[in-house]
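To keep things clear, I will list the structure first and then write my remarks on it.
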Amino acid sequence: MKADKISINNFADLLGVSRATVDTWIRSGKYPAHTHSDGKRYFYLDDVKAVPEIAAMLTTDWNDEFNVTPSDNFTSIELFAGGGGLALGMEKAGFHHVLLNEFDHSACETLRCNRPEWNVIEGDVHNIDFTPFRGKIDFLSGGFPCQAFSYAGKRLGFEETRGTLFFELARAVKEIQPKVFMGENVRGLFEHDNGRTLQTIKDVIAELGYTLVEPRVLRAIQYDVPQKRERLILIAVRNDIAPLVEFKWPDVCTSVRTLRDAFFAGELFDTDVPESEGQKYPESKFKVMQLVPEGGDWRNLPENVAREYMKGSYNLGGGKTGMARRLAMDEPSLTLTCAPAQKQTERCHPIETRPLTIREYARIQTFPDDWRFCGNLSAQYKQIGNAVPVNLAWAIGRSLIRLFNDISSLGLISEDPDIGSVHHYTKLNGIFEGMVCEKGAEYPSSQK
């Protein structure tokens with residue numbers, strides 16, 4: 001259902017500007033604001049329809065995009081799979097996962113628990129040989145960590161990125177030769193190392209024989225996710241295919257989702273959020289957080305309490321708005337971290353004085369309620385906090401399926417591999433580098 005109004009705070013989040021900036025626009029008469037009976041202010045969408053982000057919401061084909069279905073059996077491999085946010089979104093879009101790799105044991109247990117049929121390879125990506133998949137996989141993806149490259153005053157290429165996890169993603173591309181591959185990262189990659197990191201990545205993609213779609217930062221709140229999370233998406237098409245097709249980014253959804261959408265039955269979920277485990281505050285912190293109103297932070301505390309709670313951070317510059325932060329029910333969540341009760345990045349429940357629970361965390365990332373997380377409490381929070389929101393991944397996946405449908409119409413889809421014959425191949429180092437050996441069951445001591 002399309003909304004006809006938007007709150008001032010959600011408008012600011014949608015545009016990626018501060019509330020103070022929007023207040024300045026209102027005072028100058030740039031946009032007319034209105035006030036609810038409860039004192040909360042909002043815009044009618046028609047009054048701000050000239051704003052590109054609002055115009056996109058009003059003219060979106062979001063609902064039509066749910067009709068995109070695969071015309072063929074499109075195969076994929078995912079690296080750095082984590083707790084499965086990206087993999088689940090891509091599966092919902094229609095991709096058939098042939099292999100998923102992840103180093104973290106608890107995350108691998110999560111993947112196996114929820115999808116026993118998935119071929120989950122646990123261990124260091126450096127030790128996987130991808131050449132058996134050459135020409136058999138349509139799509140490769142991976143959320144590689146942002147790492148600096150070692151520079152020697154020259155333009156870097158594939159070999160010079162060796163030692164980073166981006167190199168392993170690039171190596172997989174080189175060995176598999178998928179039709180399309182995708183990398184996702186934090187938006188900070190744009191500015192990382194004064195732009196040299198991203199430029200090196202672009203150089204390597206070109207060296208591998210792929211055409212990079214102009215990278216784009218996608219805001220999760222524009223894709224049915226109740227969270228202010230941003231991800232940089234890199235999509236590249238193999239050079240022999242790129243001139244024949246065009247990738248279209250997903251259209252945005254029709255409204256901004258909030259914690260109310262996440263926690264209660266409605267358009268996003270059929271039921272209220274189920275009860276689950278969660279961290280607890282120590283008594284001293286509980287007393288401090290009780291003083292913070294909904295949507296507030298350390299600035300709402302009495303000065304003496306704020307000084308004692310924040311210690312040395314109190315006199316540092318910057319907004320520090322993550323400290324003693326209580327979320328607001330009618331706004332999206334701040335970006336989730338790997339732990340909900342860290343002092344610098346607090347994520348307190350809007351109404352109750354406690355950290356968010358596991359299932360609340362999962363709902364904010366748009367995981368379904370039947371997606372179970374394995375490991376101890378800290379491991380579960382980490383898996384959820386590091387994930388790509390499922391609905392964001394699903395939206396990107398639908399756009400990729402549309403691209404692959406076009407590729408399929410050209411008769412260029414890969415041969416479907418026999419899943420039953422897919423094994424874990426381990427690279428050998430030193431003088432044996434380049435050879436592979438199949439991991440055998442007769443050496444149990446070598447298994448993790």
Between Phe263 and His349, is the gap from one ring center to the other below 6.0 Å?
-> yes
Does NZ in Lys343 sit with more than 12 non-hydrogen atoms of other residues, nucleotides or ligands closer than 6.0 Å?
-> yes
Do the non-hydrogen side-chain atoms of Cys253 and Val225 ever get within less than 4.5 Å of each other?
-> no
Does the distance from a Lys or Arg side-chain N to an Asp or Glu carboxylate O, for Arg162 and Glu168, drop under 4.0 Å?
-> no
Does the Arg326 side chain pair with the main chain of Val292, one donor and one acceptor, at a distance under 3.5 Å?
-> yes
From CA spacing to verdict: side chain to side chain contact (heavy atoms under 4.5 Å, CB included), Ile77, Leu79 = CA-CA 7 Å; Ile77 284 178; Leu79 310 183; 4.1 Å; yes
Any sub-3.5 Å donor-acceptor pair from Lys285's side-chain atoms to Ala341's backbone N or O?
-> yes
Please determine if Arg398 forms a cation-pi arrangement with Trp62, meaning its NZ or CZ atom is less than 6.0 Å from the six-membered ring centre and no more than 45° off the ring axis.
-> yes
Okay, side chain of Ser276, backbone of Arg359: is any donor-acceptor separation there less than 3.5 Å?
-> yes
Is there a side chain to side chain contact (heavy atoms under 4.5 Å, CB included) between Gln222 and Val256 once you walk through the steps?
-> CA-CA 7 Å; Gln222 293 183 284; Val256 174; over 6 Å; no
Do the two ring centres, one from Tyr31 and one from Phe11, sit under 6.0 Å apart?
-> yes
Report the C-alpha distance between Gln383 and Thr110 in whole Å, list the side-chain angles of each, state the deciding distance to 0.1 Å, and finish with yes or no for side chain to side chain donor-acceptor pair (under 3.5 Å).
-> CA-CA 9 Å; Gln383 291 170 53; Thr110 293; 2.6 Å; yes
Ring centroid separation for His34 and Phe43, is it under 6.0 angstrom?
-> no
Between Tyr42 and His36, ring centroids under 6.0 Å = yes
Report yes or no: does Thr60 contribute a side-chain atom to a donor-acceptor pair with the main-chain N or O of Met57 at less than 3.5 Å?
-> no
Under 6.0 Å between ring centres, would you say that holds for Phe373 and Phe367?
-> yes
Under 3.5 Å: donor-acceptor pair, side chain of Gln227, backbone of Pro332 = no
Does Glu277 CD have over 12 foreign heavy atoms under 6.0 Å away?
-> no
Please walk me through it: do Ser18 and Thr21 pass side chain to side chain donor-acceptor pair (under 3.5 Å)?
-> CA-CA 5 Å; Ser18 69; Thr21 297; 3.0 Å; yes
Among side-chain atoms of Gln342 and Thr345, is any donor-acceptor pair under 3.5 angstrom?
-> yes
Is there a donor-acceptor pair closer than 3.5 Å between any side-chain N or O of Ser408 and the backbone N or O of Phe404?
-> no
Is there a donor-acceptor pair under 3.5 Å between the side chain of Asn119 and the backbone N or O of Val98?
-> yes
Begin from the C-alpha positions of Phe158 and Phe167 and carry the test ring-ring contact (aromatic ring centres under 6.0 Å, His included) through to its verdict.
-> CA-CA 7 Å; Phe158 174 72; Phe167 173 84; 4.7 Å; yes
Asn300 and Leu291: side chain to side chain contact (heavy atoms under 4.5 Å, CB included), yes or no, with the steps?
-> CA-CA 8 Å; Asn300 299 103; Leu291 301 174; over 6 Å; no
From Tyr223, Phe66, Phe95, residue fulfilling ring-ring contact (aromatic ring centres under 6.0 Å, His included) relative to Trp394 = Phe66
Would you call Trp371 and Val390 a side-chain contact if the rule is heavy atoms closer than 4.5 Å?
-> no
Phe181 and Phe139: aromatic ring centres closer than 6.0 Å?
-> no
Taking atom CD of Glu308 as the centre, report whether more than 12 heavy atoms of other residues, nucleotides or ligands fall under 6.0 Å from it.
-> no
Find out whether Thr357 and Glu275 are in side-chain contact, i.e. whether some heavy atom of one side chain is under 4.5 Å from a heavy atom of the other.
-> no
Show your reasoning for whether side chain to side chain contact (heavy atoms under 4.5 Å, CB included) applies to Glu122 and His105.
-> CA-CA 7 Å; Glu122 179 177 345; His105 174 69; 2.9 Å; yes
Please lay out, stage by stage, how Thr211 and Asn239 fare under the test side chain to side chain donor-acceptor pair (under 3.5 Å).
-> CA-CA 6 Å; Thr211 299; Asn239 284 349; 2.8 Å; yes
Under-4.0 Å salt bridge between Arg219 and Asp13 = no
